[in-house]
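Note sheet for the following structure.
To find a chain, count down the sequence lines: A is the first, B the second, and so on, and within it residues start at 1. Everything numeric in this text was worked out from a predicted model, so none of it was measured.
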There are 2 protein chains.
Amino acid sequence: MMFDEIDIKLLGMLQNNAKLTTKEYANNLSLSVTDVYERIKRLEKTGVITKYVALVDKKKINKSHVVICHVKLAQHNKEFLMQFEREVLKLKEVVDCYHISGDYDYILKIYVSDMEAYREFMVTKLTTIQHIGSTQSAFVIKELKNTTAVAI
Amino acid sequence: MMFDEIDIKLLGMLQNNAKLTTKEYANNLSLSVTDVYERIKRLEKTGVITKYVALVDKKKINKSHVVICHVKLAQHNKEFLMQFEREVLKLKEVVDCYHISGDYDYILKIYVSDMEAYREFMVTKLTTIQHIGSTQSAFVIKELKNTTAVAI
DNA sequence: TATGAAATTAAGAAGAG
DNA sequence: CTCTTCTTAATTTCATA
């Protein structure tokens, strides 16, 4: 699928605020409502836009502590990888999980209420998963950027 | 602000799909439309819900490569930190940036189209920022989870 | 531009504590 | 009796063809 300048601007707007009316997008783009409406439908139908979601303020729901946890497995056979992945995906505190190249095998982003909750998470959840070789946790001192909007 | 069970379920639904009608949320929760409508408004007014956004499929916009980059500064005085932060936030490829504890100072998540684009990003953008001591890049082999929904 | 659906608002009714 | 939630309906706004 090809995007023109207008698609790119429109996607930028939708990624920042999906609650404007079609008319408002149309005005910002100097286009007709129908034109913008059909562009949005096309972006949805072709799977460029996957869904619309509400974003929540972590502080307001008492999940303001972010921890980045690096995980190394004891061994790297397929069974171990798959078991770890299956188990880690069950943990609701884990919002991101990437299998990565380099010294560590996985990098996780974890939201918790405080340090004690993180300790509890480590002791009763993460480290009970089989085949973990080692972990290293880095606490987030400041979140400078955390955006869902991808620049094209 | 306090949440009851219904608020928590509603927030879960809104974080997964913000495009249902109030009536559909109400049916799922066995509540009246007005009650759900007012709960949503309250969540918005109190800042629990910060905004509504469209999520985009990275593959469809040619940004399917994810790189986690660890950055260490040459020195840790306030001026160096602030200058680095100001500059790194200008880079549109960077979707996440955290100041962290531990061996490295910052961890970045970067979206690019391919390895060559990452090389270009490193050479012409990231490493031109002053005061960087060292960087280490980990390429994402598989994205297992990347969610905007925070479990309460 | 025209139609229908949905959001929004307001008022009164019903039920719980 | 009061507080909350439900019901209903009127109005407005918007998506959609």
Tabulate protein N/O versus nucleotide N/O from nucleotides 8-12 of chain C, keeping only pairs under 3.5 Å, one per line.
from: dT8(C); atom 1: O5'; to: Y37(B); atom 2: OH; distance (Å): 3.1
from: dT9(C); atom 1: OP2; to: Y37(B); atom 2: OH; distance (Å): 2.9

message: Just checking H99(B) against Y106(B), ring centres under 6.0 Å apart?
response: yes
- request: Would you check if the distance from the ring center of H70(A) to the ring center of H70(B) is below 6.0 Å?
  value: yes
Please list, one pair per line, the donor and acceptor atoms closer than 3.5 Å that link side chains of residues 114-124 of chain A to other protein atoms, with sequence neighbours excluded.
from: D114(A); atom 1: OD1; to: E116(A); atom 2: N; distance (Å): 3.2
from: D114(A); atom 1: OD1; to: A117(A); atom 2: N; distance (Å): 2.7
from: Y118(A); atom 1: OH; to: S137(A); atom 2: OG; distance (Å): 2.6
from: T124(A); atom 1: OG1; to: E120(A); atom 2: O; distance (Å): 2.7

field: Six-ring centre of Y111(B), K58(B) cation under 6.0 angstrom, axis tolerance 45°
entry: yes
- request: Check whether any side-chain N or O of Q136(B) sits under 3.5 Å from a backbone N or O of C69(B) as a donor-acceptor pair, and report yes or no.
  value: no
query: Would you say D96(B)'s side chain and L108(B)'s backbone share a donor-acceptor pair under 3.5 angstrom?
result: no
- line: Residues in residues 9-16 of chain B with a heavy atom under 4.0 Å of DNA chain C, by number, are none
For [X], side-chain hydrogen bond (donor to acceptor under 3.5 Å, both in side chains) partners two or more places apart:
X: K63(A); answer: none
X: E87(B); answer: K90(B)
X: Y52(A); answer: E44(A)

task: Figure out the CG/P separation between D35(B) and dA7(C), and round it to whole Å.
output: 15 Å
field: Under-4.0 Å salt bridge between K72(B) and D103(B)
entry: no
- prompt: Where along residues 23-31 of chain A does a heavy atom come under 4.0 Å from DNA chain D, residue by residue in number order?
  reply: none
From CA spacing to verdict: side-chain hydrogen bond (donor to acceptor under 3.5 Å, both in side chains), Q75(B), H131(B): CA-CA 7 Å; Q75(B) 287 177 50; H131(B) 315 308; over 6 Å; no
field: Nonpolar side-chain network containing V53(A), other nodes, edges under 4.5 Å
entry: L55(A), V53(B), L55(B)
- request: Just report the end-to-end axis angle for the helix from dT1(C)-dA17(D) to dG17(C)-dC1(D), five pairs per end, to 10 degrees.
  value: 20°
statement: chain B reaches DNA chain D, atoms under 4.0 Å from its heavy atoms, from dT5(D) to dT8(D)
Each nucleotide N or O in nucleotides 13-17 of chain C that has a protein N or O under 3.5 Å away: list the pair and distance.
none

field: Partners passing side chain to side chain contact (heavy atoms under 4.5 Å, CB included) against L29(B) (at least two apart in sequence or in another chain)
entry: I6(B), K9(B), L10(B), M13(B), L31(B), V36(B)
